[in-house]
Structure formats: C-alpha cells, structure tokens
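Following: one structure in structure tokens, then a few remarks.
Ligands are counted one by one from 1 in listed order, and the atoms in each one are counted from 1 as well.
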Amino acid sequence: MGDQISTQAPSLGNLIGELLDHGIPEAILFAVLLLAGMSILYYTLRTGVPPMPSHPSARRAVFRLIPESFAPVTIYELGCGWGGMAFELAARYPEARVVGIELSPLPWLVCHIRKLFQRRPNLEIRRADFLKCDLADADLVFCYLMVAPMRGLERKLAGDMQPGSLVITSTFAMPEWMAETVETVPEATSAQIYRYRVPG
Ligand SMILES: C[S@@+](CC[C@H](N)C(=O)[O-])C[C@H]1O[C@@H](n2cnc3c(N)ncnc32)[C@H](O)[C@@H]1O
C-alpha cells in the first residue's frame, strides 16, 4: 500500500527543486569541463603544441642561461600557456616589458585571472598566433613548444629580430641555428635548454 505510483505530472516548482538538488550543478559542471576539454584539444591539434607547463628546474636553467649583464627592454614568451614562466620573467625583469602570447583561449584566460591576483604591471598577455605577430622589438625570446613549429619559428625570428638578439628554447632545438650554449636539466627528464643569438 505504501508504494503508490503517482499519476500526476510533477509541478514546475518540484522539477526545478529536483534539478537544483541534483541535476543542474552537475550538468553545468559537466558542460563547462567538456567545453574546456574540447577547447584545449582543438587548439592543441591546431597549433600542434599542448599547453604543458615547463618544469620549474627547466625554468631555473633558462634564467641561468640569460647573461647577468643582460638588460632586456622587451621580452616575448611565445606560447605562454598558463603563465608560469611569463610571470617569472616579469618578476625577474621589472624594468622590461614582458609580452606573453598565447592562442589557446583557456590558458590565455587563466593568465588574465592570475594577473588579477599577481599584479605585474610590466606583463602583457596577448591572445594571438605568434607567427602573425611583429616581434621586431624583441631582444629576448623564450619558447617551449614542440619539434614541428621550430622550423617556421626559426625563419620568423631570423626575419623579425635584430641580429645578435637572444633566443632561448626549451627542449626543442632550432633546426638550423647553432646554439651558443646548451644546458641539460636532469630533474626535467634531461630536457635541454638552448641559447641562441639571432644570426646576422
Ligand atoms: C608547451 S606550452 C608552454 C607553456 C609555457 N611557455 C611554459 O613554458 O610553461 C606551449 C604553448 O604554446 C601555445 N602555442 C603553440 N603555438 C602557438 C602559436 N602559433 N601562437 C600562440 N600560442 C601558441 C600552445 O597553445 C601552448 O599553450
């Protein structure tokens, strides 16, 4: 007698109550996570580079490779991902303008949210394809990408940058340029960090 099946349609109020109790928050969370995942996947396939942050030891090696006497005016981080390295560069060189360029919207958005909490007035985060940006004023460029984009990037930097300017790449070497210095980072699966001067 206790298990009576109701033949009445649920009222709208009851339905909303039910969804709020169980359905809507989970559905929204699921939709947001799905969209975020699809966005990351789409831009990873488009650029050929996942938004994988560089290892802290690799970042320290990058700073070791920048000569102490070097006083950059404009630094570009090409593919700045979630912003870890861009924020460190901006903190280390407060007199320089640091420009982080990122095409993937989610990492780019996270960089902007970080900026609200970690104020770095000399840091600019730009949503763009770095291959289409003018990098002529760069006196230091850093990037951590993949093998595939390095050849195009090498041509781009050779065309845009002043001869003798500094380029540091993590893990993936320039195909034609001869590195001035290479440092191996055992803590970061023996990744190599390359320092180049733009050839004249
Ligand atoms: C491996 S992550 C490196 C993140 C950060 N530089 C670091 O060292 O922690 C490379 C980033 O480059 C971005 N990227 C790849 N090609 C790009 C392009 N042509 N323009 C802008 N961003 C690009 C990817 O979306 C990705 O977030």
Requested in this report: Report the relative orientation of the aromatic rings in Trp177 and Tyr196; use parallel for angles under 30°, tilted for 30 to 60°, perpendicular for over 60°.
Outcome: perpendicular

Report task. Could you walk me through whether Cys80 and Cys111 pass the side chain to side chain contact (heavy atoms under 4.5 Å, CB included) test, one step at a time? Result -> CA-CA 9 Å; Cys80 63; Cys111 288; 4.1 Å; yes

Query raised in the report: Under the ring-ring contact (aromatic ring centres under 6.0 Å, His included) test, which residues partner Tyr93, sequence neighbours left out?
Result: none

Query - Side chains of Leu145 and Phe130 in contact at under 4.5 Å (non-hydrogen atoms) - result: yes

Requested in this report: Please determine if Glu154 and Lys156 form a salt bridge, counting it only when a charged side-chain N lies under 4.0 Å from a carboxylate O.
Outcome: no

Query raised in the report: Between Glu176 and Arg151, does a salt bridge (Lys or Arg N to Asp or Glu O under 4.0 Å) hold up when you go through it step by step?
Result: CA-CA 8 Å; Glu176 304 285 340; Arg151 189 168 293 279; 3.1 Å; yes

Query - Protein residues having a heavy atom less than 4.0 Å from any atom of ligand 1 - result: Thr47, Val49, Pro50, Pro51, Met52, Pro53, Ser54, Glu77, Gly79, Cys80, Gly81, Glu102, Leu103, Ser104, Ala128, Asp129, Phe130, Phe142, Tyr144, Leu145

